[in-house]
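Below is one structure, written out as structure tokens; comments come after it.
In what follows, every chain begins at residue 1, and chains take the letters A, B, ... in the order their sequences are listed. Computed from heavy atoms alone, side chains included, the values below leave out hydrogens, waters and symmetry copies. The shown structure was predicted, so the numbers you read here are calculated from the model rather than taken from an experiment.
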Protein chains: 2
Amino acid sequence: MPPTQKELAKLAGVSSGTVSNVISGSTSVSERSRQKVLDAIRVLNYQPNLIARSLKTNRTNTLGIVVPDITIPFFPKIIKGAESAARERGYFLIVLDSESSHLREADMIALLRAQRVEGILLVAAGGEVLSPERMASLTSSSPVVCLDRLPADLDVDSVCVDDCGAAEMAISHLMGMGHREIAIITGPLTLYNEQERLRGYRQALQKGGIPFQKSLVWGGSFEQDQVARMCQNGLLRPAGRPSALFATNGVTGLAALRSLYAVGLSTPRDFSFVTFDELTAEDFFKPGISSVIQPTFDMGYRAVEVLLRRLDKETAEAPRESVRLPATLIVRDSSSTPYSESSKSESANGKVRGLRA
Amino acid sequence: MPPTQKELAKLAGVSSGTVSNVISGSTSVSERSRQKVLDAIRVLNYQPNLIARSLKTNRTNTLGIVVPDITIPFFPKIIKGAESAARERGYFLIVLDSESSHLREADMIALLRAQRVEGILLVAAGGEVLSPERMASLTSSSPVVCLDRLPADLDVDSVCVDDCGAAEMAISHLMGMGHREIAIITGPLTLYNEQERLRGYRQALQKGGIPFQKSLVWGGSFEQDQVARMCQNGLLRPAGRPSALFATNGVTGLAALRSLYAVGLSTPRDFSFVTFDELTAEDFFKPGISSVIQPTFDMGYRAVEVLLRRLDKETAEAPRESVRLPATLIVRDSSSTPYSESSKSESANGKVRGLRA
DNA sequence: ACCGAATCATGAGACGTCTCAAATCGCAAC
DNA sequence: GTTGCGATTTGAGACGTCTCATGATTCGGT
């Protein structure tokens, strides 16, 4: 139904080769022929068939990105950056959602490969260790760049924030406000970046001369229920409970806050709180949550740059690239001095005891 | 580099036609041949080349969706629903962002058409009336289904909420709390759904016997600055100012709240507030914002169903479909009785006067 | 006017898949 | 051992584009 180059050729009175040359702008074509062809294009409202072109050239000008859950605000921002970079270079971006399932993630990647995308951006579904087969499938054929959540031990290009440094910054901030018992709520520690954030936590404690307590490391999953249980157990106990919480990502951070609000605890009254990632339009809801902000747009943008560099024959064989971007700490209401130093008896502990009964 | 059917045929010792038949499962193939081919597929790790298949069959099994801004939480939810429905039917979904620009939107649609997507879901960029050319381009060749923001006078299938009814519900709720001066902050009225929401507003007023005042219709754009100006002017004036605000969408709603918080007004103390769309994780931030919740996932899902029905030869010629889904009103902190009936002097008016000085 | 060298135009062939008319096979009936 | 017929298999051709070897044209120089 749509017009083809052959029809253009007939209308313009030139050969199909000439039409092709005009369209791809490659070989020299006389001005006269060019105009005839351009006229024909206008008359027939011709659109090149990218499918046919791809078949011939073996290039699709398409990249794919797979994220665990597109409805988590963090990911669309990455996607936007990636799409921006992609389009600037003339590439399409296919967006797929793995629903945080490794199975579906593998399917999505297979689909993208079948569609002959030239490269893939991957924010891995968390939670499991990679099987050797999956690892192999990731690194074979079209190149992959991992973002944010790096599967441990996977030898591919990657872009993420300086997780360790960002976590250290957050913890230092809390220590600076006088906190000495700081719990950390992590996601799955199979993810390299979660390990790194935990490392930053320990590093900050060490620099501050505070002993590390294993009992203050909570979480280890994105499961809302598990996070809720650990937070409630951890903060409702009568003694030795932390005065501050640090969540290593927005998902567990939100789950933690929800679960604690549900039992009547609130920040900063009962505990100080800092989380990775922007939870919401935090600048006008109360309380504002102190957050470690990642340069999401940049991450997506840079990841595409890395990927395209890998696609370019000239630079395809370069050593693995691991881009680390700096994060920013935004201090809002939720991080304050410890309750133990201010309004201990009337609000916090009293409340807690009442709830435990 | 990847294996082709021809190579499979050679390895399996059959013809290329037989291989094709095995793969597409079409014509009858003997069990013996089938096994030989399946073995070869396994040995060579064959993946069909979807590009070549598309060229031959003239089908891409791909849909496209263009949204104004993927970082607005409303859209990823729609996308998720659409992707879900698409994948269930074996379709891909290409996600594109028009950055709320008609120009880019047209580009995106052209790109999708060049990629030979079979159909397009469109959440139109707001703000301008459609030129006849653009209108024509929208309705030509591959079918389009509009979601949420319907360009006025465009004759295509559409899926959105019952905008009029939802707005009426929200306003009735406010009137039920005793409000009689209710301002409405709309987006661009070139969008059909914005018109509808305004209509619902008027309808509710009428049923409640409250005269419509043109001076209480603010906004008319998604521009943050313009919204801010109108809200501040409207609420800071000494007399005749409304006791409640209704925002017809999340973008202007957020802008309105921000601008009012910025001048020291807060809800529900100084004004009651209801907005279309979920602004954030509103159930635990204070104040919770009363919201009209749209069935976003369903909208995307249903839109794909409508689109695929249009693609199916059997039902392609059916009359235009306009799906209207019901919305839900979630009442939270921000809608309450008017300040004039409760704590008038101490908080609201006093504050306002102070600020105007 | 003619030659050689650019420059420009041509059209067949290939990309990997599907389709389909024609050829071949297997087997039962005679 | 033929014949006949349905079940399988075959392989050429087409989808729309690009490539490239070849052929045609132009043009400056003499």
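Checked by atom type, the side-chain pair A:Glu118/A:Tyr91 shows a donor-acceptor distance below 3.5 Å.
Map B:Asn21 and A:Asn49 each onto its nearest nucleotide of DNA chain D; the residue landing nearer the 5' end is B:Asn21. The residue among B:Val29 and B:Arg116 whose nearest nucleotide of DNA chain D lies closer to the 5′ end is B:Val29.
Atom CZ of B:Arg32 sits in a sparse spot, with 12 or fewer heavy atoms from other residues, nucleotides or ligands closer than 6.0 Å. For CZ of A:Arg302, the number of neighbouring non-hydrogen atoms (other residues, nucleotides, ligands) closer than 6.0 Å is 12 at most.
The side chain of A:Ser16 lies closest to C:dA12, out of C:dA14, C:dA12, C:dC18. For A:Leu55, whose side chain is taken as the heavy atoms from C-beta onward, the closest listed nucleotide among C:dC18, C:dC15, C:dA9 is C:dC15.
Atom-to-atom, CZ of B:Arg59 to P of C:dT19 comes out at 11 Å; the value is rounded to the nearest Å. Separating the CD1 atom of A:Ile51 from the P atom of C:dA14 is a distance of 23 Å, rounded to the nearest angstrom. Residue B:Lys56 contributes atom NZ, which lies 8 Å from atom C1' of D:dG13 at whole-angstrom precision. The CD1 atom of B:Ile23 sits 7 Å away from the P atom of C:dT17 (whole-angstrom rounding). Protein atom CG of B:Leu50 is 10 Å distant from nucleotide atom P of C:dT17, rounded to whole Å. The separation between B:Glu31 atom CD and D:dT9 atom P is 11 Å, rounded to whole Å. The separation between A:Gln47 atom CD and D:dT17 atom P is 11 Å, rounded to whole Å. We find that CG of B:Asn58 is positioned 12 Å from C1' of D:dA14, with the value rounded to whole Å.
Side-chain N or O atoms of B:Arg310 include one that pairs as donor or acceptor with a backbone N or O of B:Ala316 at under 3.5 Å. Panel note: side chain B:Ser33, backbone B:Val29; no donor-acceptor pair is recorded below 3.5 Å. Under a 3.5 Å cut-off, the side chain of A:Arg320 and the backbone N or O of A:Asp155 do not form any donor-acceptor pair. A:Asp97 contributes a side-chain N or O that, together with a main-chain N or O of A:Ile70, makes up a donor-acceptor pair within less than 3.5 Å. With hydrogens and angles ignored, the 3.5 Å screen pairs no side-chain donor or acceptor of B:Asp148 with any backbone N or O of B:Val123.
Between A:Ser30 and C:dA9 there is a side-chain polar atom (N or O) within less than 4.0 angstrom of OP1 or OP2. Contact between the side-chain N/O atoms of A:Ser15 and the OP1/OP2 oxygens of C:dG11 is not found at any separation under 4.0 Å. The side chain of A:Thr57 places no N or O atom within less than 4.0 Å of a non-bridging phosphate oxygen (OP1 or OP2) of D:dC18.
Each end of the helix from C:dA1-D:dT30 to C:dC30-D:dG1 gets its own rotation axis from five pairs of C1' atoms, and the angle between them is 50° to the nearest 10 degrees.
The pair B:Glu31-B:Arg34 counts as a salt bridge, with a side-chain nitrogen and a carboxylate oxygen less than 4.0 angstrom apart. For B:Arg42 and B:Asp39, the salt-bridge test passes: some basic side-chain N is under 4.0 Å from an acidic carboxylate O.
Residue-level contact check: B:Ser33 touches the backbone only, with heavy atoms under 4.0 Å from sugar-phosphate atoms and none from bases.
For DNA chain D, the residues of residues 3-14 of chain B within the heavy-atom distance limit of 4.0 Å (strictly under) are B:Val14, sorted by number.
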